[in-house]
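Data first, discussion second: the structure below is written as structure tokens.
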Amino acid sequence: MTEKIGIVGAGIVGLAVARELAITRGAEVTVLEKESHVAAHQTGHNSGVVHAGIYYPPGSLKARLCREGVALLKDYCAANELPYDEVGKLVIASTGAERSRLHALAERARANGVPGIAELDALALREIEPHAVGVGAIHSPHTAICDFAAVARRLALDVVELGGSVRLSHPVRAIRERSAGVQVLAGRRRFTFDRLVVCGGLGTDSVARMAGHPGDVRIVPFRGEFYALRGAAKDLVRGLIYPVPDPRYPFLGVHLTRQTDGGVLVGPNAVLALAYEGYGWRNIRNFRQILGWPGTMRLARRHWRTGLKEIRGSLIKSAFLKGAQRYVPELTAADLTRARSGVRAQAVARDGDMVDDFVVDVHDNVVLVRNAPSPAATSSLAIARHIAGIVPALVQ
């Protein structure tokens with residue numbers, strides 16, 4: 001008997017999971033997406049960086065799936081003639097105080113098997129990025145860029161070609177779990193599945209509640225705002241320029257990122273959003289749910305100074321520019337123009353701790369992806385293999 005498996009969410013992770021289940025399990029898969037197109041949120045609003053695995057604790061699920069995912073994604077893009085360019089990344093220490101953190105980061109990258117890692121001094125880093133400054137840097141030559149939305153669209157075609165379906169404009173309205181399967185009301189249709197995999201991203205909490213599994217963490221959205229370089233300023237950046245990250249946060253700080261179309265993005269910051277799809281300041285649609293979670297206020301009390309700094313960078317262009325000039329001092333305010341925003345779905349525990357690793361829960365016939373922040377896009381094909389291995393098999 002052919003398994004019928006539903007997947008909630010047509011972002012890159014949900015579509016990769018659907019494809020993997022169709023290939024390895026021979027399942028009849030149905031992807032349910034509330035928006036009118038795939039990759040509508042996190043997948044289509046990120047910076048397009050294919051992370052090499054520099055930042056993640058060795059042995060963590062993030063570290064393992066990132067390294068596996070890079071190889072799978074590179075091959076997938078090549079096989080499907082999708083853009084993929086190893087432009088390389090510099091992680092730059094701007095002060096002597098950051099040197100020890102930079103060296104520790106290099107050791108972590110090597111422990112994770114990131115190829116080609118080199119530690120550079122102030123002169124050597126300028127051979128890679130002539131307009132960048134710093135006291136030292138890590139060079140990751142194989143860090144790449146791609147178009148994740150294009151990858152998602154290709155994955156959706158794969159799903160259909162494998163006999164599955166991608167149901168757009170089908171928001172999930174109700175879930176009822178039975179001993180023999182799961183009933184899902186989506187849009188105006190009722191579906192019956194043997195198993196349901198929830199890859200809901202920003203909508204995870206809502207779908208988890210419908211399934212009767214609210215869990216011990218909640219999604220707290222953080223908006224990341226970008227500027228783009230205009231005109232000749234694009235030539236100031238060859239590849240990717242990143243700061244040494246603050247170990248207290250899962251965010252990587254304002255960086256400069258070349259795009260597959262030749263543009264360069266500057267950002268993102270990390271501002272607490274008051275709506276799950278809060279791409280601008282005026283959207284406060286979900287503020288009660290977000291602020292009502294005890295972990296949100298505990299997080300805010302713990303890190304309010306950093307929060308105010310991020311808000312200042314959001315509202316004042318010169319403050320945002322100052323962060324970028326720390327690494328590329330030739331930039332001016334005239335070089336920056338407002339670009340898109342994205343919203344990161346960050347799981348936060350009741351005690352205010354931000355959950356760092358990928359988290360997947362299995363509840364009988366329902367599998368919930370609780371936390372899939374960056375590098376989820378990079379790792380998507382490897383995450384799909386991981387999830388396909390833990391979705392309970394159908395008992396004949």
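None of these values were measured; they are calculated from a predicted model.
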- Message: I need the minimum non-hydrogen distance between A345 and N371, along with the two atoms involved.
- Response: O-OD1, 4.0 Å
- Message: Over 60° means perpendicular and under 30° means parallel, so tell me whether H213 and H363 are parallel, tilted or perpendicular.
- Response: parallel
- Message: Let's go through N283 and Y276 carefully: what are the C-alpha distance in whole Å and the side-chain angles of both, what is the deciding distance for side chain to side chain donor-acceptor pair (under 3.5 Å) to 0.1 Å, and is it a yes or a no?
- Response: CA-CA 9 Å; N283 190 345; Y276 294 115; over 6 Å; no
- Query: Okay, side chain of E33, backbone of A10: is any donor-acceptor separation there less than 3.5 Å?
  - Reply: yes
- Query: CZ/R238 to CG/L90 distance, rounded to the nearest 0.5 angstrom?
  - Reply: 10.5 Å
- Message: Using the rule given for side-chain contact (heavy atoms from CB on, under 4.5 Å), can you reason through V38 versus L15, listing the C-alpha separation, both sets of side-chain angles and the distance that settles it, and then say yes or no?
- Response: CA-CA 9 Å; V38 305; L15 291 165; 4.0 Å; yes
- No-hydrogen, no-angle side-chain donor-acceptor test under 3.5 Å, H103 and E119: yes
- Task: Measure the CZ-NZ distance between R173 and K34 for me, rounded to the nearest 0.5 Å.
- Result: 11.0 Å
- Task: Taking side-chain hydrogen bond (donor to acceptor under 3.5 Å, both in side chains) as the test, write out the residues that go with E161, two or more places apart.
- Result: R154
- Donor-acceptor pair, T204 side chain versus G201 backbone, under 3.5 Å? yes
- Message: Hydrophobic clustering (ILVMFWY, side-chain heavy atoms < 4.5 Å, transitive) - are V391 and V360 grouped together?
- Response: yes
- Query: Can any side-chain N or O of T378 pair as donor or acceptor with the backbone N or O of H51 at less than 3.5 Å?
  - Reply: yes
- Message: Test of understanding: clusters of I, L, V, M, F, W, Y form through side-chain heavy atoms closer than 4.5 Å, transitively. Do V70 and V114 belong to the same one?
- Response: no
- Item | R344 charged N/C atom sitting above F222 aromatic ring, 6.0 Å / 45° | no
- Query: Do E20 and L381 have side chains that get closer than 4.5 Å, going by heavy atoms?
  - Reply: no
- Where A52 and T143 come nearest, the two heavy atoms and their spacing: CB-OG1, 3.5 Å
- Message: Main chain of R350, side chain of R298: is a donor-acceptor contact present, judged purely on distance under 3.5 Å?
- Response: yes
- Is any side-chain heavy atom of L125 less than 4.5 Å from a side-chain heavy atom of H139? no
- Task: Decide yes or no for S94 and V135: does some side-chain heavy atom of the first lie under 4.5 Å from some side-chain heavy atom of the second?
- Result: no
- Message: Less than 3.5 Å apart, any donor N or O on the side chain of E225 or S341 sitting next to an acceptor on the other?
- Response: no
- Query: CG of D216: more than 12 outside heavy atoms within 6.0 angstrom?
  - Reply: no
- Message: I need the minimum non-hydrogen distance between L240 and A144, along with the two atoms involved.
- Response: CD1-O, 4.3 Å
- Answer with yes or no whether the side chains of H386 and E68 bring together a donor and an acceptor at under 3.5 Å. no
- Item | Other residues, nucleotides, ligands: >12 heavy atoms within 6.0 Å of R108 CZ | yes
- Would you say the side-chain atoms of S379 pair up with the backbone N or O of A382, donor to acceptor, closer than 3.5 Å? no
- Item | Euclidean distance, L21 CG relative to I5 CD1, rounded to 0.5 Å | 4.5 Å
- Query: In terms of hydrophobic clusters joined by side-chain contacts under 4.5 Å, are V8 and V159 together?
  - Reply: no
- Give the minimum heavy-atom separation between A152 and T43, together with the two atoms involved. CB-CG2, 4.1 Å
- Connected via hydrophobic side-chain network under 4.5 Å: V207 and V367: no
- How long is the span from the CD1 atom in I138 to the CD1 atom in I54, to the nearest 0.5 Å? 6.0 Å
- Task: First locate atom CZ of R288, then atom CG of N286, and finally report the distance between them rounded to the nearest 0.5 Å.
- Result: 11.5 Å
- Query: N269 side chain to G313 main-chain N or O, any donor-acceptor pair under 3.5 Å?
  - Reply: no
- Query: Tell me, do E277 and H41 make a side-chain contact under 4.5 Å, heavy atoms counted?
  - Reply: yes
- Task: Would you kindly check if the NZ (Lys) or CZ (Arg) of K317 is within the cone defined by 45 degrees around the ring axis of Y227 and under 6.0 Å from the six-membered ring centre?
- Result: no
- Item | E35 and R167: CA distance, side-chain angles, deciding distance, salt bridge (charged side-chain N to carboxylate O under 4.0 Å, His left out) verdict | CA-CA 9 Å; E35 305 294 356; R167 306 280 184 172; over 6 Å; no
- Task: Would you please indicate if the ring centroids of Y279 and H45 are separated by under 6.0 Å?
- Result: yes
- Answer yes or no: is there a donor N or O on one side and an acceptor on the other, between the side chain of R282 and the main chain of G278, under 3.5 Å? no
- Message: For a 4.5 angstrom cut-off between non-hydrogen side-chain atoms, does P141 reach E86?
- Response: no
- Message: Any side-chain to backbone donor/acceptor pair from R258 onto V237? Under 3.5 Å, distance only.
- Response: yes
- Task: Output yes when a side-chain donor or acceptor of E129 lies under 3.5 Å from a complementary backbone atom of G239, and no otherwise.
- Result: yes
- Message: Ring-plane angle category for H255 and Y242, please: parallel below 30°, perpendicular beyond 60°, tilted otherwise.
- Response: parallel
- Message: Please evaluate residues R370 and D357 with respect to the criterion salt bridge (charged side-chain N to carboxylate O under 4.0 Å, His left out), reporting the C-alpha separation (whole Å), side-chain torsions for both, the decisive distance (0.1 Å), and the verdict.
- Response: CA-CA 10 Å; R370 296 280 190 188; D357 211 351; over 6 Å; no
- Message: Between D364 and R178 (salt bridge meaning N to carboxylate O under 4.0 Å), is one present in this structure?
- Response: no
- Query: Under 4.5 Å between any side-chain heavy atoms of V91 and L105, yes or no?
  - Reply: yes
- Message: With a 4.5 Å cut-off on side-chain heavy atoms, are S165 and H170 touching?
- Response: no
- Query: Between D194 and K4, is the closest basic N to carboxylate O distance under 4.0 Å?
  - Reply: no
- Query: Parallel under 30°, tilted from 30 to 60°, perpendicular over 60°: which one fits the rings of F191 and F193?
  - Reply: parallel
- Task: State, with a plain yes or no, whether a side-chain heavy atom of V266 is found less than 4.5 Å away from one of L229.
- Result: yes
- Message: Taking the basic N atoms (NZ, or NE/NH1/NH2) and the acidic carboxylate oxygens, is any pair closer than 4.0 Å for K62 and D356?
- Response: yes
- Query: Would a hydrophobic clustering, with Ile, Leu, Val, Met, Phe, Trp and Tyr connected at side-chain separations under 4.5 Å, put L368 with V172?
  - Reply: yes
- List the atom of D147, the atom of R153, and the distance in Å for their closest heavy-atom pair. OD2-NH2, 4.3 Å
- Distance-only side-chain donor-acceptor flag, D75 / Y84, under 3.5 Å: no
- Inter-residue atom distance L299.CG - Q346.CD, 0.5 Å rounding: 8.5 Å
- Message: Against I290, only a single residue in D205, T296, I219, V348 fulfils side-chain contact (heavy atoms from CB on, under 4.5 Å); can you say which?
- Response: T296
- State whether the number of non-hydrogen atoms from other residues, nucleotides or ligands found under 6.0 Å of R285 atom CZ is greater than 12. no
- Message: Between R176 (side chain only) and M210 (backbone N and O only), is there a donor and an acceptor less than 3.5 Å apart?
- Response: no
- If you count the non-hydrogen atoms of other residues, nucleotides and ligands that lie under 6.0 Å from CZ in R110, is the total more than 12? yes
- Minimum heavy-atom distance L331-A324, with the two atoms named: CD1-CB, 3.9 Å
- Task: Using a strict cut-off of less than 4.0 Å between a Lys/Arg side-chain nitrogen and an Asp/Glu carboxylate oxygen, indicate whether R25 and E3 qualify as a salt bridge.
- Result: yes
- Task: Would you kindly check if the NZ (Lys) or CZ (Arg) of R223 is within the cone defined by 45 degrees around the ring axis of W281 and under 6.0 Å from the six-membered ring centre?
- Result: yes
